[in-house]
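Working notes, structure below.
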Amino acid sequence: MSEQQKTKTKQKSLLAAAFSLSFFTLLSRVLGLVREMTKAKFLGTSIYADAFVIAFMIPNLFRRLFAENSISVAFIPTFKGYLEDTSESGVKSTREFVSATLTLVTFLTSIVVVVGIICTPLLIPLFYDGNNPETITETTILTRIMFPYLLVISIAAFFQGILNGVKIFSPSGFTPVLFNAIVIAATYILSPFTENPARAMSVGVMAGGCAQALFQLPFVVRAKWWCGFSSIKKAFTNPGTRKVLRLIAPTILGMACYQLNDVVSTALAGNAGEGIVSSLQYSLRLQELILGIFAVSIGSVILPDLSGLAKREEWTEFSAMLSQAVKIIALISIPTTFFSLITGKEIISLVYKSRSFDDSSVVLTLTAFQFHIAGLFFIALNRIVAPAFYAQGDTKSPTIAGIIGFAVNIALAFVMVSTLSGKEAGGGIALALSAASFVNSVALFAFLKKKGNLDFKAIAAGTVAYSAKLVVLSLAASVPTYFLHGFATKLFDGSAAGGSRLVSFGIPLAMSAVCYGAVGIALLFVTKDEILKALLKKIRRQ
């Protein structure tokens, strides 16, 4: 098989795997949105909503910092390297590595959970201005309920790393469906029996985390990679885990900076006024619906393949796969950004508006959403480009890029909050995150240029040219959509439709989406878009 044929095969494989995983991720993200709708219904933008967001953010911070960071940056590339040796001694070494890693993850996260529960009363006041004793007390209770989530979700992330390492993606894509379903059910079932609905949701988070780990275990066993635990000494002295620790050590600072974006932004929002924290969270959930379906899915799919290509030094295929992944994410995120800017109010009202989530909540969330969505492409791009470094064992470059982005975000957020107030402060915090994501993308590409083994010119030029093309096409599709949207919202406004949310907001949104999609797809056909052609070929074969 020629190099060109190999490249095409890899590209087709990337599309197939990404869309397969995206199907399951779509279910989880839809349910994740339903989960946020449930929270909006029960909590709105009240103090309990702010308390839940902050309480859930703390264990989530440690999960992303240690569990997800370890798996994506260090475990999968190292595990992939072990799998290359199929001899009897190689398989034995791989099993010892897997067992040692499970022990290490369980031991370290257990320590963090215990210390975190003890120190929670010292952490929570940092997120408030000191005049909210009731909110501080409730947030402390919710945090202590959910802190053990870190342990179970870390084990679930480890199982996901094993399955993704052997190119089994569907179970890991499905587990968030269970998580969201359990949180939703717990909120409805337990709310009548708890002091407030936020506590019911917190119990659901713990139950959902356990389900994520338990669901993947049979697939790990079936793949013959369940190896149990080892001694603590073996866990720390195993060559594989030592390599994982060496790989992850430089990224801790960068990842910490990235996660501190959330912490500092949330603290600033908590001091900006009631409802700002939860409105930012509602906005981010809509943004992450797109990121989770596509950016995370594609990033998960390409990391094992990029690691294998890097190990075999097949840099032409490596560059081609990375370039195509970037174009796929651009094709999704750039048109989505333009459409969301036009229809943001209807999207938020349709999804969230309820008795507890009133017009003021819509305005708060819309202000943040407009600035969050502006950075969608760059946030997605970062999640695609970063694995290109990890696959080559380079954890320093993304770390430095993360630090630069962190500095920009915090500086801008402080400026925005100090000069703005109320909903404008929330919008300023969202704008700071989008600007920081742009700077992070620029830094990643600057570091990518230094990789002499990659075809940087082709990757960079292809990204800029394709992105510019999509901006032009999206603008063209936005013009008729804008006028149709204005007409439809007046025709189906709340008073004329009797207040029905589905009619008032759903129909104008659907009409706008059909118009935008039809014009956009037509333009892609006219311009003979390469990604659209690859997708159509796959559909015809099936």
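Heavy atoms only: backbone and side chains are in, while hydrogens, waters and symmetry mates are out. In this text, all values refer to a predicted model and were calculated from it rather than measured experimentally.
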Check: Do Leu245 and Leu104 come within less than 4.5 Å of each other through their side chains, counting heavy atoms only?
Finding: yes
Notebook entry, point to check: Just how far is it from atom CG of Leu286 to atom CD1 of Ile373, taken to the nearest 0.5 Å?
Noted result: 8.0 Å
Item checked: For Val152 against Gly209, the heavy-atom pair lying closest together -> CG2-C, 3.7 Å
Notebook entry, point to check: Side chains of Asp358 and Ser361: do they bring a donor and an acceptor to under 3.5 Å?
Noted result: yes
Notebook entry, point to check: Does the Asn409 side chain pair with the main chain of Gly405, one donor and one acceptor, at a distance under 3.5 Å?
Noted result: no
Check: Can you find a pair of side-chain heavy atoms, one from Phe127 and one from Ile58, that are under 4.5 Å apart?
Finding: yes
Check: Taking the side chain from Asn440 and the backbone from Ala436, do they hold a donor-acceptor pair closer than 3.5 Å?
Finding: no
Notebook entry, point to check: Okay, side chain of Glu36, backbone of Gly32: is any donor-acceptor separation there less than 3.5 Å?
Noted result: no
Next item on the list: Identify the residue among Ile117, Ile111, Ile118, Val112 that makes a side chain to side chain contact (heavy atoms under 4.5 Å, CB included) with Val114.
Entry: Ile118
Item checked: Side-chain heavy atoms of Gln212 within contact of Ile153, under 4.5 Å -> yes
Item checked: Interatomic spacing from CG in Leu217 to CG in Leu214 - rounded to 0.5 Å -> 7.0 Å
Checklist line | Check: Thr103 side chain, Ser230 main-chain N or O, donor-acceptor pair, under 3.5 Å | finding: yes
Notebook entry, point to check: Are Ile379 and Gln287 close enough that some pair of their side-chain heavy atoms sits under 4.5 Å apart?
Noted result: yes
Note to self: Quick check: closest heavy atoms across Pro197 and Leu43, and the distance to 0.1 Å?
What the structure shows: CB-CD2, 3.9 Å
Next item on the list: Would you give the length of the straight line joining atom OG of Ser340 to atom CZ of Phe369, rounded to the nearest 0.5 angstrom?
Entry: 4.0 Å
Next item on the list: Please report the closest heavy-atom contact between Thr419 and Val415, naming both atoms and the distance.
Entry: OG1-O, 2.8 Å
Next item on the list: Specify whether Phe438 and Phe378 have parallel, tilted or perpendicular ring planes, treating 30° as the upper limit for parallel and 60° as the lower limit for perpendicular.
Entry: perpendicular
Check: Between Leu431 and Phe371, what is the shortest heavy-atom contact and its length?
Finding: N-CB, 3.6 Å
Next item on the list: Establish, yes or no, whether a centroid distance under 6.0 Å links the rings of Phe56 and Tyr149.
Entry: yes
Notebook entry, point to check: Can you name the salt bridge (charged side-chain N to carboxylate O under 4.0 Å, His left out) partners of Arg199, sequence neighbours left out?
Noted result: Glu138, Glu195
Checklist line | 4.5 Å side-chain heavy-atom contact, Phe377 and Leu381 | finding: yes
Margin query: Tell me every residue that passes salt bridge (charged side-chain N to carboxylate O under 4.0 Å, His left out) with Lys353, counting only those two or more places apart in sequence or in another chain.
Written below: Asp359
Note to self: Once you measure the plane-to-plane angle for Phe62 and Phe147, does it fall in the parallel (<30°), tilted (30-60°) or perpendicular (>60°) bin?
What the structure shows: tilted
Item checked: Donor-acceptor contact below 3.5 Å, side chain Thr109 vs main chain Leu151 -> no
Next item on the list: For residues Phe42 and Tyr188, determine if any side-chain heavy atom of one lies less than 4.5 Å from a side-chain heavy atom of the other.
Entry: yes
Notebook entry, point to check: What do the steps show when you test Leu444 against Phe389 for side chain to side chain contact (heavy atoms under 4.5 Å, CB included), and what is the final call?
Noted result: CA-CA 9 Å; Leu444 284 174; Phe389 292 95; 3.8 Å; yes
Next item on the list: Mark yes or no: Lys39 above the aromatic ring of Tyr282, with NZ or CZ under 6.0 Å from the six-membered ring centre and no more than 45 degrees from the axis.
Entry: yes
Notebook entry, point to check: Phe97 and Val244: side chain to side chain contact (heavy atoms under 4.5 Å, CB included), yes or no, with the steps?
Noted result: CA-CA 10 Å; Phe97 164 63; Val244 167; 3.8 Å; yes
Next item on the list: Run the numbers on Phe179 and Thr175 for side chain to side chain contact (heavy atoms under 4.5 Å, CB included), then give the verdict.
Entry: CA-CA 6 Å; Phe179 173 80; Thr175 51; over 6 Å; no
Checklist line | Approximate separation, where rounding is to 0.5 Å, of Ile342 CD1 and Thr337 OG1 | finding: 11.5 Å
Next item on the list: Measure across Ala40 and Ser354 and return the closest heavy-atom pair with its distance rounded to 0.1 Å.
Entry: O-OG, 3.6 Å
Checklist line | Results of side-chain contact (heavy atoms from CB on, under 4.5 Å) for Ala443 - residues two or more places apart only | finding: Ala401, Ile404, Phe447
Item checked: N/O donor-acceptor pair under 3.5 Å between Asp50 side chain and Phe52 backbone -> no
Checklist line | Non-hydrogen side-chain atoms of Phe215 and Phe159 separated by less than 4.5 Å | finding: no
Next item on the list: State, yes or no, whether a side-chain contact exists between Leu364 and Ile276 at a heavy-atom distance under 4.5 Å.
Entry: yes
Margin query: So, taking the atom named OG in Ser283 and the one named CD1 in Ile348, what distance separates them when rounded to the nearest 0.5 Å?
Written below: 6.5 Å
Margin query: Before you tell me yes or no, could you show the steps for Leu280 and His372 under side chain to side chain contact (heavy atoms under 4.5 Å, CB included), namely the whole-Å CA-CA distance, both residues' side-chain angles and the distance that decides it to 0.1 Å?
Written below: CA-CA 9 Å; Leu280 286 167; His372 272 147; 3.8 Å; yes
Check: Just checking, any donor-acceptor pair under 3.5 angstrom between side chains of Ser172 and Gln216?
Finding: yes
Checklist line | Nearest heavy atoms of Leu178 and Ala211, plus distance in Å | finding: CD1-O, 4.3 Å
Notebook entry, point to check: Rounded to the nearest 0.5 Å, how far does CG of Leu376 lie from CZ of Phe338?
Noted result: 11.5 Å
Checklist line | Geometric class of the Phe75/Phe79 ring pair [parallel <30°, tilted 30-60°, perpendicular >60°] | finding: parallel
Notebook entry, point to check: Counting distance only, does the side-chain N/O of Thr45 pair as donor-acceptor with the main-chain N or O of Ser279 below 3.5 Å?
Noted result: no
